[in-house]
Every structure is written in C-alpha cells, then in structure tokens.
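To start, the structure itself, in structure tokens.
The structure presented is a predicted model; accordingly, all values stated were derived computationally and were not measured. First listed ligand is number 1; within each ligand, the first listed atom is number 1.
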Amino acid sequence: MNPLFRDLPTTIFEHMSGLAREHGAVNLGQGFPDFGWPDDVIDAAARALAHGSNQYPPMRGTHELREAICDHYRRHQALDLAVDQVTVTSGATEALAASLLALIEPGDEVLIIEPAYDAYLPMVRRAGGVPRRVSLRPPDWRITPELIAQGFTDRTRLVLFNNPHNPLTRAFDREELTLLAEACVRHGAVAVSDEVWEHVVFDSRAHTPLSSLPGMAERTVKVGSAGKIFSMTGWKVGWTIACESLTRAVANAHQFLTFTTPPNLQAGVAFGLRKTDDYFGGMRAEFASARDYLVGGLRAAGYAPMPVEGTYFVCVDLRESGLDVDDVTFCEHAVREAGVAAIPISSFYAGDPVRHVLRLCFAKKRETIDAGIERLAKARMAFVR
Ligand code: PMP
Ligand code: GLN
C-alpha cells in the first residue's frame, strides 16, 4: 500500500477474469457474451468510422442517437421523451458516476439495496454520499414493506436501484416497484434506476421502467447501455434519461468526466436501436435457450440453480447443491484447481453477506457451456457433504 493515497480494491470481475487467463480456465464469471452480436450494427459503426466524423460530437451525444433513444423507448416502453431528456455517456458506468456526482452533496444519505452491482458503493462513497445498505434475502429476494421501512429515513436523498437485477437475475414486479416508488415520493428522494438489462428478460416478461410509476418521471434518472442490448460489452455507449432539470445536472457532470463518447459508436447504436422487433425477440430467445442449456447441465451435474428472470446470469445455491463451502473458497478453488471461473455473491455486499451463492454467465456458445459444466462437476468433488 502506498502511504500517499488510499487505493480501491480491484473488482471481483477483473480478479476472476485475470485468474481465468492465468489458469487457462473457462470463464463463466465476468458477464460478456461469446456469441450473439448483430453484424449490421458493427457495419453501421464501421461506415461511420471510415466516412463520418471522427471529431468531438456534441457533449450530450449526437442528435441522431438521442432521437433514436427517444423513439426506441417510445416504441418499447411507451415513454414519451424529448431529445433534451437524453445524455449519452461512455457506458452505464459513466452514467452512474455522472448521476452520483451531480445529484448528491457530501453527507447525503444514499440507499443501496444489496447484493449491489460492484461499482455502486465505491462510487457513492467517492461522491461523498453516506451509504445506507439494506439486503434482499433468500429465498425470494423480494422488495418488501419491511425492507423499505428499514431503508428510507428523513435524510434519504437518493436511491440507487437496479432492475433487472445483477447479480440476482430478478426482474422486480409491479408490487415491488410500487413500494419503492411510493417511498421515493414520500421522502422526496431521487432514484437512479440502472436498467441496463431492460431487454434481457425472459419468459414473456416486459420491462417496466421505474420512471413510469406515478410521481417518478420527475425524480428518476434511468440508465441504459448499448453493451447489454447488443451483446457488445466493450462498446461502452450508455445514456441517462431524466426530466430536463435532472438531465442538465447529469450532463454538466458528464462534461468533466469524458465530455463525449466516440461518434462512430454512437452512429452504430443509433442504427441498432431502430432494429425491428425480430432482433430483440431473437436475442432474448437465444439467451433464454443458453440459459436453459446451462441450467439443465448444472442440474445434471448435481447443482441447484436458482430461477432466472433476466440478465446473462444464473445463480447457484451451494447449500442446496449439497456443498459444504463458502462462495469465495469455492470460486478460488474452481478457477485454480478445476479450470472454471465463477463470481461469489458475497462480493456484492459491504457487510453481513450471503455466502452460499455464486453467479455463472450463460451468454456463451454451447461448447463453452459444456466445458464449464464438465469443470464444475470436477470442482464440486472437493466439497461434497
Ligand atoms: N450496471 C449493471 C447492473 C451492470 O450489470 C453493468 C455491466 N454488466 C453496468 C452497470 C455497466 O455497464 P457499462 O458496461 O455500459 O458501463
Ligand atoms: N457487468 C459485468 C458483470 O456483471 C462486468 C463489468 C465489469 O467487469 N466491470 O459481469
């Protein structure tokens, strides 16, 4: 540790992907697909790279992309948006950072629902926020009136929410969203609603944006990402959607983080968001089929997978799988000794973690999943009760 500064730990995703590279392991940890991206979106970006502008686009994003985002949400989520409500950012990660830097003052209380995506807590702290953590609990992992009562106080300024949920894979239902929305209105809190998985939902589910609930349009910053919609996680094109005053605040924070996002990638995403329903339905069907394939293989290998409502992930309950081991020990053993990487759920808590669940990514070709299952079958041998 260098005494001159306070360092943040390396993320669990980087840690596990690093170990996977080092040990030649099958990587079912970090969430990135090895199939399924649309070539025509890449072609649109390539055309823009060769023939379009390679200079600074407007700070809030190209008009073309912001208009495509408005049309997209009108079509898919019945949101009535104007271009002035959109800010294009370099990934959802930057959208979250800009929102937090814009909307909290040092000392403001920020509600975080655990398990929480790894970036939330460190970003809230670096923005000067005081995190107030509440936990979703097994086996249902539901937002309940008790959780809301525990989480909100007179000082709650902002709620950092994620739906569909990574790592739990839940798509919260209307009853749960209503509990949250009513509490935000009652307490005068702003919601930053990370909806990057909005298109990756299964079994005929439709995504409900938090901003569509009564009283929420003027107090929600909705965060989206092309990385998840088009299975291209390296693209890092994200955005925020909010009322004009919240948008101004977020955009003015974004201007000092990255200022803009590559214009050619914006052109590709603008093209992609206008794709027909066939693409979105086909993408969901392909991932649902990969989900079923991994879930089937896990069951056959003696594991107990949890239900998957959305995202690229399936969680596995180690206890229900007859294994006497905590998630971190299992994952370290699996990647080093059995050649397969997974993510321990306990890394998404700042305290009092659930330690018997791990997360696996199914956005992979059949042969990758087969190899992962074979190695997971080997990994469990060390811990069978
Ligand atoms: N939020 C959640 C819940 C995510 O799962 C991810 C990426 N997996 C992000 C934000 C970051 O998205 P981006 O890559 O667009 O920065
Ligand atoms: N969001 C990806 C996941 O959940 C990882 C992103 C990252 O590595 N920062 O696996």
Side-chain angles (χ1 to χ4, degrees), residues 8-21 27-34 37 61 65 69 87-100 112-124 136 159-172 191-201 207 209-210 221-241 254 257-258 261-262 265-266 268-269 272-273 287 308-315 331 335 341-345 347-348 357-364:
L8 288 170
T10 302
T11 80
I12 188 66
F13 305 119
E14 187 66 21
H15 173 65
M16 278 298 164
S17 286
L19 283 175
R21 283 189 291 269
N27 193 350
L28 301 185
Q30 195 175 32
F32 60 91
D34 68 1
W37 44 85
L65 175 55
I69 290 171
T87 308
V88 176
T89 58
S90 292
T93 307
E94 198 226 337
L96 292 165
S99 302
L100 293 171
I112 293 183
I113 302 174
E114 290 183 334
Y117 183 62
D118 70 331
Y120 294 178
L121 191 73
M123 288 206 279
V124 165
L136 296 162
V159 180
L160 194 39
F161 183 54
N162 176 212
N163 183 39
H165 192 274
N166 178 11
L168 286 180
T169 85
R170 286 227 39 225
F172 297 106
V192 174
S193 188
D194 176 348
E195 301 179 11
V196 299
W197 297 103
E198 58 200 343
H199 273 295
V200 193
V201 288
H207 176 73
L210 187 66
V221 179
K222 171 180 165 75
V223 173
S225 172
K228 305 302 177 306
I229 301 179
F230 302 112
S231 316
M232 299 191 292
T233 59
W235 266 33
K236 293 303 222 179
V237 178
W239 51 81
T240 61
I241 306 291
H254 151 77
L257 285 171
T258 58
T261 297
L265 297 186
Q266 293 194 48
V269 174
L273 289 174
F287 285 124
V308 180
E309 298 171 348
T311 76
Y312 295 153
F313 309 112
V314 56
C315 289
C331 290
V335 71
I343 300 291
I345 290 293
S347 53
F348 299 101
V357 177
L358 52 84
R359 194 198 79 176
L360 297 166
C361 177
F362 55 72
K364 305 291 176 188

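Taking 4.0 Å as the cut-off, Thr11 does not count as a neighbour of ligand 2 on heavy-atom distance. Using a 4.0 Å cutoff on heavy atoms, Tyr312 does not count as a contact of ligand 2. Ligand 1 has Trp197 within reach: a non-hydrogen atom of the residue lies less than 4.0 Å from it. The shell of residues lying under 4.0 angstrom from ligand 2, judged by heavy atoms, includes Tyr117. By the 4.0 Å heavy-atom criterion, Glu14 is excluded from the residues contacting ligand 2.
Here the heavy atom of the protein found nearest to atom 7 (C) of ligand 2 is Phe13 CD1, 3.6 Å. Protein heavy atom at the shortest distance from atom 12 (O) of ligand 1 is Ala92 CB, 3.4 Å. Ranking the protein heavy atoms by distance from atom 1 (N) of ligand 1 puts Asp194 OD2, 2.5 Å first. Scanning the protein for heavy atoms near atom 11 (C) of ligand 1, the closest one is Thr93 OG1, 3.4 Å. When only non-hydrogen protein atoms are considered, atom 8 (O) of ligand 2 lies nearest to Gln30 NE2, 2.7 Å. The protein heavy atom nearest to atom 14 (O) of ligand 1 is Lys236 NZ, 2.9 Å. At the top of the distance list for atom 2 (C) of ligand 2, counting protein heavy atoms only, stands Gly31 N, 4.1 Å.
Proximity of the aromatic rings of Tyr312 and Phe287 is defined here by a centroid distance below 6.0 angstrom, and this criterion is met. Taking the six-membered ring where the residue is Trp, the centroids of Phe313 and Trp197 are separated by under 6.0 Å.
Between Lys228 and ligand 1, a contact under 3.5 Å exists for at least one N or O pair. Of the polar atoms of Tyr120, none of the N or O atoms is found under 3.5 Å from an N or O of ligand 1, judged by distance alone.
In the model, Asp118 has no side-chain atom that pairs as donor or acceptor with a side-chain atom of Ser347 under 3.5 Å.
Neither the backbone nor the side chain of Ile343 has any atom closer than 4.0 Å to an atom of ligand 2 (non-hydrogen atoms only). The side chain of Arg359, and not its backbone, has at least one atom closer than 4.0 Å to an atom of ligand 2 (non-hydrogen atoms only; side chain from C-beta on). The part of Asn166 lying near ligand 1 is the side chain, judged by heavy-atom distances below 4.0 Å.
Residues Pro344 and Ala342 come closest through the heavy atom pair CD-O, 3.9 Å.
Near Asn162, the atoms of ligand 1 lying under 4.0 angstrom from a non-hydrogen atom of the residue are 3 (C). Listed by number with element, the atoms of ligand 2 under 4.0 angstrom from any heavy atom of Phe313 are 3 (C), 4 (O), 10 (O).
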